[in-house]
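As structure tokens, the structure follows; a few thoughts come after it.
Letters A, B, ... mirror the listed sequences (proteins, then strands); counts begin at 1. Reckoned from all heavy atoms, side chains included, excluding hydrogens, waters and symmetry mates.
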Protein chains: 2
Amino acid sequence: MSRGRRKSTAKVSLGYLEMDIMPIVWRHGLVTVKEVFEELYPSRKLAYTTIMTVMRRLAHKGILEVDDSVVPFVYQPKVGSQELAAAVVDEVVDRLLEGSSAPLVLHYLEHGKISSAEQGKIKTLLRGRVKTE
Amino acid sequence: MSRGRRKSTAKVSLGYLEMDIMPIVWRHGLVTVKEVFEELYPSRKLAYTTIMTVMRRLAHKGILEVDDSVVPFVYQPKVGSQELAAAVVDEVVDRLLEGSSAPLVLHYLEHGKISSAEQGKIKTLLRGRVKTE
DNA sequence: CACATAATACTACACACCTAATATATATCA
DNA sequence: TGATATATATTAGGTGTGTAGTATTATGTG
């Protein structure tokens with residue numbers, strides 16, 4: 001059945017500030033600490049060095065990649081948003097829901113905002129599904 | 001669009017051990033520290049007092065309720081698994097995916113195990129959906 | 001090149017969570 | 001009721017994350 005191992009991104013655990021920074025990085029693709037700092041500043045009055053510390057930690061975790069051959073350093077994401085979100089959420093699903101994602105899916109279908117386009121994708125997926133169980 | 005407040009369960013944040021304990025509590029409904037300890041022990045060789053400390057913390061967070069009128073104390077969940085999982089995952093979705101749950105839903109429809117019964121529910125839901133967005 | 005400016009490195013503190021040892025209180029049994 | 005077993009309370013160390021100050025290094029400018 002090859003339900004295979006928890007794939008690549010193992011041992012994922014992110015703090016809230018780390019999570020808040022990631023979307024900015026994804027939007028930019030290549031980004032400096034300063035750019036993240038300035039984009040985040042209006043909503044979160046954090047020190048520049050705070051952002052730097054956190055971005056360094058993200059790099060240390062393998063979630064960001066740093067090019068330190070130029071100054072200021074240029075950061076870029078090593079994993080995509082869906083991949084990372086799925087990895088983080090998997091930890092929760094595995095623990096709280098003991099692996100069954102269905103309740104969560106139902107929850108979001110009921111309460112989340114899903115565009116028509118996405119509903120279409122879902123229907124298509126459902127048609128072609130192999131019923132696992 | 002009433003992006004409204006995060007409903008009841010506000011400020012949800014659980015550690016991994018806290019999460020590992022919750023399914024046991026849900027299964028029992030009413031449970032003592034000892035029962036949780038014994039059920040968890042085969043897979044996690046933790047001290048009895050460790051479980052006690054964590055369960056007390058969960059109670060402090062309002063996730064468990066304690067009846068200390070009897071000894072040993074009896075704990076019970078104050079929130080259901082789906083509700084709690086959704087609250088925790090919402091934090092991640094709001095941050096990493098900036099609120100759009102669709103990518104996650106698609107991810108689980110593709111990679112998660114969804115029973116036929118659940119697929120049926122999903123289809124029904126989809127049929128009756130108000131297309132938001 | 002000297003100085004100002006910008007960036008990075010280092011250090012640190014607070015709090016949450018995991019873990020558990022030790023101390024104290026509560027039941028239970030002979 | 002005294003001893004024993006059981007449970008709870010207290011205390012604490014280690015690590016991760018949020019936050020940021022200070023020190024050091026690199027860059028740009030006159």
Side-chain angles (χ1 to χ4, degrees), chain A residues 10-25 30-76 84 87-88 91-92 95-96, chain B residues 10-22 24-25 28 30-41 43-76 84 87-88 91-92 94-96:
Chain A
K11 262 309 163 205
V12 211
S13 171
L14 292 191
Y16 285 166
L17 180 52
E18 291 172 336
M19 290 193 211
D20 287 336
I21 283 174
M22 287 309 296
I24 300 176
V25 177
L30 296 175
V31 73
T32 63
V33 170
K34 185 176 189 177
E35 288 167 331
V36 173
F37 167 70
E38 288 175 343
E39 197 168 323
L40 202 55
Y41 196 76
S43 52
R44 316 272 312 261
K45 304 292 190 237
L46 296 171
Y48 176 89
T49 53
T50 297
I51 308 301
M52 173 135 56
T53 301
V54 174
M55 286 178 76
R56 184 205 316 267
R57 283 182 191 156
L58 284 168
H60 187 86
K61 288 185 182 184
I63 290 167
L64 295 184
E65 185 163 29
V66 194
D67 177 359
D68 60 355
S69 70
V70 291
V71 170
F73 296 178
V74 174
Y75 292 76
Q76 68 176 306
L84 186 60
V88 171
E91 295 288 329
V92 179
R95 291 178 155 81
L96 284 186
Chain B
K11 262 309 165 204
V12 210
S13 172
L14 291 191
Y16 285 166
L17 180 52
E18 291 172 336
M19 289 194 214
D20 287 335
I21 284 174
M22 287 309 296
I24 301 177
V25 177
H28 285 254
L30 295 175
V31 73
T32 63
V33 170
K34 184 174 191 179
E35 289 167 330
V36 172
F37 167 71
E38 287 175 345
E39 197 168 324
L40 202 53
Y41 196 77
S43 53
R44 315 272 311 262
K45 305 292 191 234
L46 296 171
Y48 176 89
T49 54
T50 298
I51 308 301
M52 173 135 55
T53 301
V54 174
M55 287 179 75
R56 184 208 313 271
R57 262 207 299 267
L58 284 168
H60 187 85
K61 288 185 181 183
I63 290 169
L64 296 185
E65 184 162 30
V66 195
D67 177 358
D68 61 356
S69 70
V70 291
V71 171
F73 295 177
V74 174
Y75 293 76
Q76 67 176 307
L84 187 60
V88 171
E91 294 288 330
V92 179
D94 282 351
R95 291 179 154 81
L96 284 185

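- Phosphate proximity of D/dT17 to A/Ser13: present, with a side-chain N or O under 4.0 Å from OP1 or OP2.
- When heavy atoms are screened at a 4.0 angstrom cut-off, B/Tyr16 is found touching the sugar-phosphate backbone but no base atom.
- Rounded to an integer number of Å, the gap from CE of A/Met19 to P of D/dG16 is 16 Å.
- Atom CD1 of B/Ile51 sits about 11.0 Å away from atom CD of B/Glu38, to the nearest 0.5 Å.
- Contact between B/Thr32 and B/Pro72 at its shortest, heavy atoms only, is CG2-CG, 4.0 Å.
- The nearest heavy atom of DNA chain D to A/Leu14 and to A/Thr50 marks one nucleotide each, and the one closer to the 5' end goes with A/Leu14.
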Between N or O atoms, less than 3.5 Å apart, protein on one side and nucleotides 28-30 of chain D on the other: list the pairs.
none

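- Residue A/Tyr75 comes nearest to A/Val66 through the heavy atom pair CE2-CG2, 3.5 Å, listed as atom of the first residue, atom of the second, then distance.
- Within the 4.5 Å cutoff, the side chain of A/Lys61 has no heavy atoms near those of the A/Val12 side chain.
- The pair A/Glu18-A/Arg57 does not count as a salt bridge, with every side-chain nitrogen at least 4.0 angstrom from each carboxylate oxygen.
- Distance CZ (A/Arg44) to P (D/dT17): 15 Å, rounded to an integer number of Å.
- What separates CG of B/Asp20 from C1' of C/dC18 is a distance of 12 Å, to the nearest Å.
- Regarding contacts with the backbone of C/dA21, every side-chain N or O of B/Tyr48 stays at 4.0 angstrom or more from both OP1 and OP2.
- Within residues 52-67 of chain B, the residues approached by DNA chain D to less than 4.0 Å at the level of any non-hydrogen atom are B/Met52, B/Arg56, in residue-number order.
- Side-chain contact check for B/Leu14 versus A/Val92: every heavy-atom pair is 4.5 Å or farther apart.
- Using a 4.0 Å heavy-atom distance criterion, B/Leu46 is classed as a sugar-phosphate-only contact.
- Taking OH from B/Tyr41 and NZ from B/Lys34, the interatomic distance works out to 14.0 Å, rounded to the nearest 0.5 Å.
- In this structure, B/Tyr75 atom OH and D/dT8 atom C1' are separated by 8 Å, rounded to whole Å.
- The distance between atom CG of B/Leu40 and atom C1' of C/dC18, rounded to the nearest whole Å, is 13 Å.
- Here the side chains of B/Leu17 and B/Thr50 are in contact, with some heavy-atom distance below 4.5 Å.
- B/Gln76 places none of its side-chain heavy atoms less than 4.5 Å from the side chain of B/Val31.
- Following rounding to the nearest Å, A/Ile51 (CD1) and D/dT19 (C1') show an atom-to-atom distance of 10 Å.
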Which atoms of nucleotides 24-30 of chain C (N or O only) lie under 3.5 Å from a protein N or O atom, and what are those distances?
none

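- Side-chain proximity of A/Glu18 to the nucleotides D/dT8, D/dA20, D/dG18 is greatest for D/dG18.
- B/Ile24 contributes atom CD1, which lies 4.5 Å from atom CD of B/Glu39 (distance to the nearest 0.5 angstrom).
- Following rounding to the nearest Å, B/Leu17 (CG) and C/dA16 (P) show an atom-to-atom distance of 17 Å.
- Contact annotation for A/Phe73: backbone-only contact, meaning every heavy-atom pair under 4.0 Å involves sugar-phosphate atoms and none involves a base.
- Between B/Leu84 and B/Met22, some side-chain heavy-atom pair lies under the 4.5 Å cut-off.
- Using a 4.5 Å cut-off on side-chain heavy atoms (C-beta onward), A/Tyr48 and A/Val33 make contact.
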